[in-house]
Number of protein chains: 2
Amino acid sequence: MANSSSGDSVVDRIVRVISAFPQDVGALRLSDLADRARLPLTTTHRLVQQLAGHGLLETAPGGMVRPGLRLWELVNRASPALALRQAAMPFMEDIQQVLNQNVNLAVLDGWEALFVERLSRRGSVANRAQVAGRMPIHISSAGLALMAHQDKALQQEYLGQFADPDGKLVAADIRGLLAETSRQGFAQLKGVVDPDTWGIAVPVLDRRQRAVASLGVVVPLQEMRLQALVPALQTAARGIARGLAGA
Amino acid sequence: MANSSSGDSVVDRIVRVISAFPQDVGALRLSDLADRARLPLTTTHRLVQQLAGHGLLETAPGGMVRPGLRLWELVNRASPALALRQAAMPFMEDIQQVLNQNVNLAVLDGWEALFVERLSRRGSVANRAQVAGRMPIHISSAGLALMAHQDKALQQEYLGQFADPDGKLVAADIRGLLAETSRQGFAQLKGVVDPDTWGIAVPVLDRRQRAVASLGVVVPLQEMRLQALVPALQTAARGIARGLAGA
DNA sequence: GTATCCCTTCCGTTCAATGGGACGTCCAGC
DNA sequence: GCTGGACGTCCCATTGAACGGAAGGGATAC
């Protein structure tokens, strides 16, 4: 940028401003936004004005700032997540109607599962997965289902991350989880994310048998329909894969 | 900006780049992106590289560019549309299960209805409303439901737009539609958007009886359950309003 | 009345953004 | 096999847009 201070570009700063908004939707005061974005107040003010001019942010009188509808529109009009979501929604609704519990759809991003969609219902058990939320691979059934069906090279790189502290033990555990997930064709975690819930997820595979997404449910621990549940998920996953390939 | 050419800021250019992606999800070639964004190729190249560095765009080998997951994540993590969507989804699913037809949720933005969510099902009739898509107010039941429950001043301003060409006639028609919508508490358009479909929408009202959103369905022309359908939509709309107020 | 906090505006400094030009690569047509 | 064209990528001198400290207003608390 022009002038002194830390050498980051305008793009960096815009990303910092947009990233500064927390998950809960409320508006931020300008100075809070500046603090969170680690930007000088004046600079934040100018950027917010410019972004608001395009509708990407909205400013309320009094200096409150919140994300704008136009930003949501632009991003959701063309996004890789959208095609996946459209292909998956009918199947997710089917699953949800039958089980009456939480259904979620995730993709792999970095070393985390990124949740693209979630259907929940009053009366269903708690589900930590939020839309646009993330969870580490090894403590989410969605993450395991995704990683268990990736290239060997990627899996090695992932497991290598756990070799640092006291090492091999943890890596071996996760390796075992992945192997079992791959063998069975589905991932399950009982009481890991939440003590009373049971996460089950299956991969959505492309032609080369690589997971492009995962379809999962969160059910109470006493759920008895596992034998019917997994095939239902797998059937739905195949349907989603077919929809993606066709489109 | 620095150097010659047309005086637009970096923010402008970034917005132009992101806006340049069309509705269908496919990736764009760099030079096409530059054309669509009306930016010099070199400048586009640099901006894309920077944005890709933050994951807001993704570049495939060969120069193809597409929106990135991180952008989707950032925007969907905190957005005014998200709170509305979350409050509305359970009710939309209920409606959809009963009717087995398309359900949509829209907000007013400018002189258009912006569709925030849509549930559709194989076998349901055509529905032109796309998620993050727009429709003019006067040819969508969602738009009518939204505009019929706004401030008088805003309605006047809206109707004023139609006074230009041959004027009064069209404005009077729309004024009539709005009046009827307001009186009945729901909007309906038979065969306007699509010759074989019937759009019906009700407003989601805040405490001051202003529409913050609209909840609508698209059903076949021969649908007979109108007397049960409208109350169901209105009940759901009240539920959504309650959820928004409580949150 | 005074102090405090916050948004907003002003303005001189400065360096990041800019984009024309050149290069390497990949095809299709001759 | 050669040639022409289209495209992505890199380089670098120019310059005006971005920067942010300082000062100004307006509201609220003490």
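Naming: A, B, ... by sequence-line order, numbering from 1 per chain.
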key: Atom pair distance, as rounded to whole Å: CG in B:Asp8 and P in D:dA18   = 9 Å
task = May I have the distance from A:Arg13 (atom CZ) to D:dA18 (atom P), rounded to whole angstrom?
result = 11 Å
ask   = Which is true for A:Arg29 with a 4.0 Å heavy-atom rule: it touches a base, it touches only sugar-phosphate, or it touches nothing?
value = sugar-phosphate
query = In whole angstrom, what separates A:Leu41's CG from D:dA23's P?
reply = 16 Å
query = Would you say B:Arg46 reaches C:dT18's phosphate, i.e. side-chain N/O to OP1/OP2 under 4.0 Å?
reply = yes
message = Under the rule for ring pair (Phe, Tyr, Trp, His ring centres under 6.0 Å), what residues qualify as partners of A:His138, not counting sequence neighbours?
response = A:Phe162
message = Can you confirm whether B:Tyr158 sits close enough to B:Ile137 that some side-chain heavy atom of one is under 4.5 Å from a side-chain heavy atom of the other?
response = yes
query = At under 4.0 Å, does any side-chain N or O of B:His45 touch on OP1 or OP2 of D:dT9?
reply = yes
task = Tell me what B:Ser31 touches on the nucleic acid: a base, only sugar-phosphate, or nothing, going by heavy atoms under 4.0 Å.
result = sugar-phosphate
inquiry  = Does D:dC19 have its OP1 or OP2 closer than 4.0 Å to a side-chain nitrogen or oxygen of A:Thr42?
reply    = no
task = Measure the distance from CG on A:Leu39 to P on D:dC19 and round it to the nearest whole Å.
result = 8 Å
request  = Look at the side chain of B:Arg36 and the backbone N and O of B:Ala20, then say whether any donor-acceptor pair between them is shorter than 3.5 Å.
outcome  = yes
query = B:Met64 has an atom CE; how far is it from atom C1' of D:dT9, in whole Å?
reply = 17 Å
inquiry  = With a 4.0 Å limit, can you tell me whether B:Thr43 has a side-chain N or O closer than that to the phosphate oxygens OP1/OP2 of C:dG19?
reply    = yes
query = So, A:Glu58 and A:Arg70, do they make that salt bridge, N to O below 4.0 Å?
reply = no
remark   = Whole-Å distance, B:Gln50 CD to C:dT18 P, equals 8 Å
query = Out of A:Leu205, A:Leu146, A:Asp151, A:Leu108, which residue meets the side chain to side chain contact (heavy atoms under 4.5 Å, CB included) rule with A:Arg210?
reply = A:Asp151
request  = Identify, between A:Gly62 and B:Leu47, the residue whose nearest nucleotide on DNA chain C lies closer to the 5' end.
outcome  = A:Gly62
query = Are side-chain heavy atoms of A:Arg16 and A:Asp8 found at a separation under 4.5 Å?
reply = yes
task = Find the distance B:Asp32:CG to D:dC7:P and express it as a whole number of Å.
result = 7 Å
Contact under 4.0 Å: B:Gln49 side-chain N or O vs D:dG8 OP1/OP2 = no
request  = Calculate the interatomic distance between A:Arg16 atom CZ and D:dC19 atom P; express it in whole Å.
outcome  = 11 Å
inquiry  = Counting primed atoms plus P, OP1 and OP2 as sugar-phosphate and everything else as base, spell out the protein contacts along nucleotides 25-30 of chain D at 4.0 Å heavy-atom distance: B, S or - for each nucleotide, 5' to 3'.
reply    = ------
key: Ion pair check, A:Arg85 and A:Glu93, cut-off under 4.0 Å   = no
